[in-house]
Amino acid sequence: MNRVIQTKLVPKGICLNFFGLFLTQDKSWIDKYVINHELIHSAQQKELLWIMFYIIYLIEWVIRLCQFRNLKKAYYNISFEREAYAHGNNLKYLQTRITYAQWRNKKK
């Protein structure tokens, strides 16, 4: 868990992946599944050269917010989050993950 940094800059109960560093207010709830979720985001960031990940993430969040008119629903429907939540409990997922998996055609 050396990638996890505790900071009061992040709201409680949230873990942010900032260029491969995991920021959270309280480390106590961070487990191997949260780490895996964030490592999936790290893989997404790397294949999009980091900056593009954040730009696309923000644009898609705004689109989803307009679509659903609900902050939580918009967040859970961002393609990056859908992939990370769908596979966060599979600790071997990153070994078989295909490039740009967040945009591959898959059944809901």
Side-chain angles (χ1 to χ4, degrees):
M1 275 213 225
N2 58 351
R3 292 179 157 189
V4 180
I5 298 172
Q6 201 164 310
T7 176
K8 293 191 184 275
L9 298 175
V10 178
K12 195 169 185 170
I14 291 178
C15 185
L16 293 178
N17 184 330
F18 188 69
F19 296 96
L21 296 175
F22 309 152
L23 309 175
T24 186
Q25 192 174 111
D26 177 14
K27 289 182 181 183
S28 67
W29 67 278
I30 305 293
D31 62 13
K32 61 185 176 184
Y33 302 107
V34 174
I35 295 293
N36 194 50
H37 176 103
E38 296 305 330
L39 288 173
I40 293 169
H41 287 317
S42 291
Q44 296 164 339
Q45 292 170 11
K46 185 177 178 183
E47 67 195 12
L48 291 169
L49 304 176
W50 294 275
I51 296 298
M52 284 307 297
F53 169 86
Y54 294 106
I55 292 169
I56 294 168
Y57 191 104
L58 180 61
I59 291 169
E60 188 173 351
W61 180 78
V62 170
I63 290 168
R64 299 296 178 209
L65 188 57
C66 292
Q67 179 183 9
F68 295 108
R69 302 204 184 281
N70 178 295
L71 291 171
K72 197 171 188 176
K73 207 168 188 181
Y75 165 76
Y76 284 110
N77 279 283
I78 296 169
S79 59
F80 301 113
E81 294 300 340
R82 284 195 314 255
E83 179 190 8
Y85 278 107
H87 302 285
N89 289 335
N90 178 356
L91 299 178
K92 295 184 179 188
Y93 174 69
L94 287 170
Q95 297 169 6
T96 59
R97 181 184 182 269
I98 57 175
T99 307
Y100 304 114
Q102 68 273 11
W103 295 318
R104 301 289 178 151
N105 188 17
K106 51 190 153 194
K107 295 180 181 180
K108 291 182 179 183

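Computed over heavy atoms, backbone and side chain alike; hydrogens, waters and symmetry mates excluded. Position 1 is the first residue of the sequence; numbering continues from there.
Nearest heavy atoms, Ala43 versus Leu94: CB-CD2, 4.0 Å. When all heavy atoms of Gly20 and Ser42 are compared, the pair lying nearest together is CA-OG, 4.0 Å.
Note on Tyr76 and Phe68: separate hydrophobic clusters, where clusters join Ile, Leu, Val, Met, Phe, Trp and Tyr whose side-chain heavy atoms are under 4.5 Å apart, directly or indirectly. In terms of hydrophobic clustering, with Ile, Leu, Val, Met, Phe, Trp and Tyr side chains grouped at heavy-atom distances under 4.5 Å, Val34 and Leu91 are assigned to different clusters. One hydrophobic cluster holds both Leu16 and Ile51 under the rule that ILVMFWY side chains link at heavy-atom gaps under 4.5 Å. By the criterion of side-chain heavy atoms lying less than 4.5 angstrom apart, applied directly or through intervening Ile, Leu, Val, Met, Phe, Trp or Tyr residues, Tyr33 is not grouped with Phe80; the two fall into different hydrophobic clusters. The hydrophobic clustering, which links ILVMFWY residues whose side-chain heavy atoms are closer than 4.5 Å, places Ile14 and Tyr85 together.
Here Leu9 sits alone; no ILVMFWY side chain lies under 4.5 Å from its own, so it joins no hydrophobic cluster.
Remark: Tyr75 OH is packed, more than 12 non-hydrogen atoms of other residues, nucleotides or ligands lying under 6.0 Å away.
Listed by first and then second residue, the salt bridge (charged side-chain N to carboxylate O under 4.0 Å, His left out) pairs that reach into residues 51-61 are Glu60-Arg64, sequence neighbours excluded.
With sequence neighbours excluded, the residues that form a salt bridge (charged side-chain N to carboxylate O under 4.0 Å, His left out) with Arg97 are Glu47, Glu83.
Between Phe19 and Tyr54, the distance separating the two ring centers is shorter than 6.0 angstrom.
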* **CA sep, side-chain torsions, deciding dist, call: His41, Gln44, side chain to side chain donor-acceptor pair (under 3.5 Å)** => CA-CA 5 Å; His41 287 317; Gln44 296 164 339; 2.8 Å; yes
* **Worked check of side chain to side chain contact (heavy atoms under 4.5 Å, CB included) between Tyr93 and Gln95** => CA-CA 5 Å; Tyr93 174 69; Gln95 297 169 6; over 6 Å; no
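Here Cys15 contributes atom SG and Asp26 contributes atom CG; the two are 11.0 Å apart, rounded to the nearest 0.5 Å. Taking CH2 from Trp29 and OG1 from Thr24, the interatomic distance works out to 5.0 Å, rounded to the nearest 0.5 Å. Rounding to the nearest 0.5 angstrom, the gap separating the SG atom in Cys66 from the CH2 atom in Trp61 is 9.0 Å. Note that CG of Leu23 and CG of Asn17 are 8.0 Å apart. Values are rounded to the nearest 0.5 Å. The CG atom of Asn36 lies 10.5 Å from the NE2 atom of His87; values are rounded to the nearest 0.5 Å.
Counting heavy atoms from C-beta outward, Lys73 and Asn77 have side chains that approach closer than 4.5 Å. Considering only heavy atoms from C-beta on, Trp50 comes within 4.5 Å of Gln45 through its side chain. Here the side chains of Ile35 and Val4 are in contact, with some heavy-atom distance below 4.5 Å.
With Ile59 as the partner, the side-chain contact (heavy atoms from CB on, under 4.5 Å) test is satisfied by one option alone out of Val62, Ile56, Ile55: Ile55.
Remark: the backbone N or O of Val10 is paired with a side-chain donor or acceptor of Gln25 at under 3.5 angstrom.
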